[in-house]
Amino acid sequence: MSINEPISTIMTRDIITVDVSDTIRDVFNVFEQIKIRHIPVLADSTLVGIISLTDINGVKQCAKFKDSSGSDSLLDVMTVKQLMKANPVTVPVSHTIKQAADIFLQGHFHALPVTDSNELVGIVTTTDLIKYMVKKAG
């Protein structure tokens with residue numbers, strides 16, 4: 001197993017993204033349809049944040065307790081910008097798998113957008129890292 005391989009070896013290249021102006025319900029629907037847990041957030045094609053299924057589920061739980069006054073659900077009135085984690089930690093595509101693993105160990109998150117010259121080119125998650133290790137060990 002070579003943890004010095006480039007991060008591009010294990011990153012997902014076909015990236016699903018959302019816009020800062022999308023509603024939380026829109027993003028929840030993406031999570032439900034595609035079965036992923038982290039989505040990079042763009043504003044005018046620039047990475048500005050990341051949102052997770054855990055973030056959405058917190059709001060979804062709160063939405064269950066809304067009053068019966070007929071007001072719109074939190075899921076429909078909140079935007080991604082209000083919930084996302086702004087300025088996410090990213091890794092350049094030139095980083096190695098080991099460097100990404102070290103970042104995961106230092107942080108309290110499970111996904112890293114991968115960039116090349118400040119352009120989003122992929123995403124790597126702790127799950128990708130575990131799958132890689134299991135494949136190489138087996």
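Predicted model, so just to flag it, every value in this text is computed and none were measured.
- Among pairs with a residue in residues 30-54, those fulfilling side-chain hydrogen bond (donor to acceptor under 3.5 Å, both in side chains) read Arg37-Thr127, Ser52-Asp55, at least two apart in sequence or across chains.
- In terms of the side chain to side chain contact (heavy atoms under 4.5 Å, CB included) criterion, residue partners of Ser94 (sequence neighbours excluded) are, by chain and number, Pro92.
- Evaluation of the side chain to side chain contact (heavy atoms under 4.5 Å, CB included) rule for Val20 yields Val41, Ala43, Val48, Lys81, Met84 as partners, not counting sequence neighbours.
- Residue Leu47 is found in a hydrophobic cluster whose other members, listed by chain and number, are Ile15, Leu42, Leu120; membership requires side-chain heavy atoms under 4.5 Å apart, directly or through intermediates.
- With sequence neighbours excluded, no residue forms a side-chain hydrogen bond (donor to acceptor under 3.5 Å, both in side chains) with Asn29.
- Every residue two or more places apart in sequence or in another chain that forms a side-chain hydrogen bond (donor to acceptor under 3.5 Å, both in side chains) with Thr125 is listed here: Asp128.
- Checked against side chain to side chain contact (heavy atoms under 4.5 Å, CB included), Val89 has the following partners two or more places apart in sequence or in another chain: Ile103, Phe109, Leu112.
- Applying the side-chain hydrogen bond (donor to acceptor under 3.5 Å, both in side chains) test to Thr96 and every residue at least two apart in sequence or in another chain returns Gln99.
- Glu119 is linked by a side chain to side chain contact (heavy atoms under 4.5 Å, CB included) to nothing, counting only residues two or more places apart in sequence or in another chain.
- Asp102 meets the salt bridge (charged side-chain N to carboxylate O under 4.0 Å, His left out) test with Lys98; sequence neighbours excluded.
- Ile50 and Phe31 fall into different hydrophobic clusters, defined by Ile, Leu, Val, Met, Phe, Trp and Tyr side-chain heavy atoms under 4.5 Å apart, directly or through other members.
- Asp19 is linked by a side-chain hydrogen bond (donor to acceptor under 3.5 Å, both in side chains) to Ser21, counting only residues two or more places apart in sequence or in another chain.
- Listed by first and then second residue, the salt bridge (charged side-chain N to carboxylate O under 4.0 Å, His left out) pairs that reach into residues 103-114 come to none, sequence neighbours excluded.
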